[in-house]
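Following: one structure in structure tokens, then a few remarks.
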Amino acid sequence: MAKIIYQRILFVLLVCFGINASAAKVDTVLTHSDIMKKDIKAVVILPNNYSKKINYPVVYLLHGFSGNYADWITKDAPVQNLADQYHCIIVCPDGAFASWYIDSPVNSYWMYDTYVSKELVSYIDSHFSTIKNRTGRAITGLSMGGHGALSMAIRHQEVYGAVGSMSGAVDLKPFAKDFAINQILGEYKDNPKSWADHSVVGMVDQLKPGVLKIIFDCGADDFFIGVNNTLHEQLLKAKIAHDYIVRPGAHTWEYWSNSINYQMLFFRRFFDKLN
């Protein structure tokens with residue numbers, strides 16, 4: 001209890017007297033995946049005045065289809081300021097061109113669920129001063145990353161306490177001929193059940209009320225708006241609490257650069273309530 005009180009006092013002092021919003025430290029780290037037998041880069045954004053005396057919450061921020069670990073800091077540079085504003089660590093993993101953050105049932109080279117949720121989380125917790133449990137971890141992402149964030153958080157509710165999605169492809173089945181998903185799941189016609197099981201809309205029954213804090217949004221003009229509306233309706237039917245927002249916008253960085261601000265506030269409130 002004394003340690004928690006000390007950390008909160010130090011946090012207040014840093015916020016009131018030390019933070020320069022443009023001074024977040026951005027590093028690229030080289031991690032290793034044993035399961036895929038290769039090195040993988042990730043961006044780590046540390047808040048200004050990062051101190052080993054404080055255990056920080058971590059937000060894992062995923063890129064979309066055809067992107068990489070550097071997308072968020074190159075296409076939305078102000079995102080780094082959110083590490084200062086909300087006094088947390090932001091980690092941007094690499095999900096490859098089209099991994100869909102899935103452990104592929106047809107190709108063992110694509111095991112990005114295990115990489116992000118186990119290997120990368122372990123690396124971050126061992127190399128940085130973090131809250132090393134689900135009360136201090138959130139995950140979100142855009143498009144492919146929105147699907148990845150929700151699917152990994154549902155599969156690993158012991159790892160993540162909060163999850164978000166921006167313009168997420170939360171149902172893969174309607175896009176069986178698009179976005180190289182068949183490289184990860186095989187052809188839809190050969191195993192439609194696998195496609196259904198790996199889609200977020202097919203995972204709702206794995207959620208229990210009150211366990212996972214959920215926020216997701218989609219632009220009204222986005223081609224994924226239909227599947228997000230469907231997910232919202234399924235969660236309502238299952239009585240799973242969540243925040244769902246539809247605002248003007250399409251599948252663009254302009255939309256995601258705005259959306260991430262609201263999701264980070266959601267996560268900070270979650271962290272503050274439990275730590």
Side-chain angles (χ1 to χ4, degrees), residues 26 28-29 31 33 36 40-45 57-77 79-80 82-83 88-104 110-124 134 137-157 159-170 172 175 179-181 184 198-200 203 212-218 222 224 227-228 231 251-253 255-264 266-267:
V26 180
T28 298
V29 298
T31 72
S33 172
M36 291 188 287
I40 305 174
K41 291 180 179 180
V43 162
V44 177
I45 306 171
V58 182
V59 176
Y60 291 84
L61 181 57
L62 310 181
H63 65 79
F65 170 77
S66 77
N68 62 48
Y69 66 97
D71 269 13
W72 274 100
I73 59 169
T74 56
K75 297 178 180 179
D76 181 28
V79 74
Q80 64 187 278
L82 298 177
C88 64
I89 298 171
I90 299 174
V91 178
C92 302
D94 195 293
F97 190 91
S99 75
W100 287 89
Y101 302 96
I102 289 172
D103 282 355
S104 171
W110 302 95
M111 303 294 284
Y112 278 84
D113 181 323
T114 294
Y115 165 65
V116 173
S117 295
K118 294 184 178 180
E119 295 177 324
L120 182 60
V121 166
S122 177
Y123 176 92
I124 296 299
R134 67 186 304 277
R137 291 195 203 100
I139 185 168
T140 188
L142 66 89
S143 193
M144 179 181 84
H147 168 274
L150 283 167
S151 65
M152 287 191 287
I154 293 172
R155 291 180 186 277
H156 305 287
Q157 294 175 55
V159 175
Y160 307 104
V163 60
S165 169
M166 295 165 272
S167 310
V170 295
L172 304 177
F175 308 98
F179 310 118
I181 307 172
I184 308 301
H198 283 89
S199 293
V200 174
M203 301 178 184
L212 194 61
K213 298 293 289 185
I214 302 170
I215 182 172
F216 65 108
D217 60 68
C218 194
D222 196 302
F224 287 145
V227 294
N228 278 271
L231 177 61
H251 210 73
T252 65
W253 274 99
Y255 179 87
W256 303 319
S257 298
N258 180 50
S259 176
I260 187 58
N261 292 282
Y262 297 96
Q263 296 213 356
M264 289 295 292
F266 180 90
F267 296 145

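If you're wondering where the values come from, they're calculated on a predicted model, not measured in any experiment.
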Where do Val163 and Ala149 come nearest, in terms of heavy atoms and distance?
CG2-O, 3.3 Å

Would you call Met152 and Leu62 a side-chain contact if the rule is heavy atoms closer than 4.5 Å?
yes

Just wondering, do Asn68 and Lys41 contact through their side chains at under 4.5 Å, heavy atoms?
no

Interatomic distance, NZ@Lys118 vs NE2@His156, rounded to 0.5 Å, equals 6.0 Å

Which pair of heavy atoms, one from Asn261 and one from Ser257, lies closest together, and at what distance?
ND2-O, 2.8 Å

From CG (Asp71) to SG (Cys92), nearest 0.5 Å:
9.0 Å

Under a 4.5 Å cut-off applied to non-hydrogen side-chain atoms, are Tyr112 and Ile40 in contact?
yes

Check the pair Ile90 / Val43 against side-chain contact (heavy atoms from CB on, under 4.5 Å), numbers first and verdict last.
CA-CA 8 Å; Ile90 299 174; Val43 162; over 6 Å; no

Could you report the tightest heavy-atom contact between Ile139 and Phe267, atom names first, then the distance?
O-CZ, 4.1 Å

Are side-chain heavy atoms of Trp100 and Leu172 found at a separation under 4.5 Å?
yes

His251 and Trp256, any side-chain heavy atoms less than 4.5 Å apart:
yes

More than 12 heavy atoms of other residues, nucleotides or ligands under 6.0 Å from OH of Tyr262: yes or no?
no

Once rounded to the nearest 0.5 Å, what's the spacing between atom OG of Ser259 and atom CE of Met264?
12.0 Å

If you look at every heavy atom in Ala180 and Ala98, which pair is closest and at what distance?
CB-CB, 3.9 Å

Is there a donor-acceptor pair under 3.5 Å between the side chain of His147 and the backbone N or O of His198?
yes

Taking the side chain from Gln263 and the backbone from Phe216, do they hold a donor-acceptor pair closer than 3.5 Å?
no

When rounded to the nearest 0.5 Å, the distance separating CE of Met36 from OG of Ser104 is 11.0 Å

Examine distances only and state if a side-chain atom of Asp113 and a backbone atom of Asp103 form a donor-acceptor pair shorter than 3.5 Å.
no

Taking C-beta and beyond as the side chain, do Leu142 and Tyr255 meet within less than 4.5 Å on heavy atoms?
no

Within the distance-only criterion (no hydrogens, no angle test), does the side chain of Ser99 pair as donor or acceptor with the backbone N or O of Tyr101 below 3.5 angstrom?
yes

Between the main-chain N or O of Ala70 and the side-chain N or O of His63, is there a donor-acceptor pair closer than 3.5 Å?
no

Can a side-chain donor-acceptor contact be found between Tyr60 and Ser117 if the only test is distance below 3.5 angstrom?
no

Side chain Asn228, main chain Ser167, donor-acceptor under 3.5 Å
no

Between CD1 on residue Ile215 and CZ on residue Phe266, distance to nearest 0.5 Å
5.0 Å

Do you see a donor-acceptor pair shorter than 3.5 Å between the side chains of Asp94 and Tyr115?
no

Using 0.5 Å steps for rounding, measure from the OG atom of Ser199 to the CD1 atom of Ile181.
8.0 Å

Are the side chain of Arg134 and the backbone of Tyr160 linked by a donor-acceptor contact shorter than 3.5 Å?
yes

Can you list the steps and then say if Thr140 with Met166 is a side-chain contact (heavy atoms from CB on, under 4.5 Å)?
CA-CA 8 Å; Thr140 188; Met166 295 165 272; 3.7 Å; yes

Taking the side chain as every heavy atom from C-beta outward, state whether Ile89 and Ile45 have any atom pair closer than 4.5 Å.
no

Indicate yes or no: at least one non-hydrogen side-chain atom of Thr31 is less than 4.5 angstrom from one of Glu119.
no

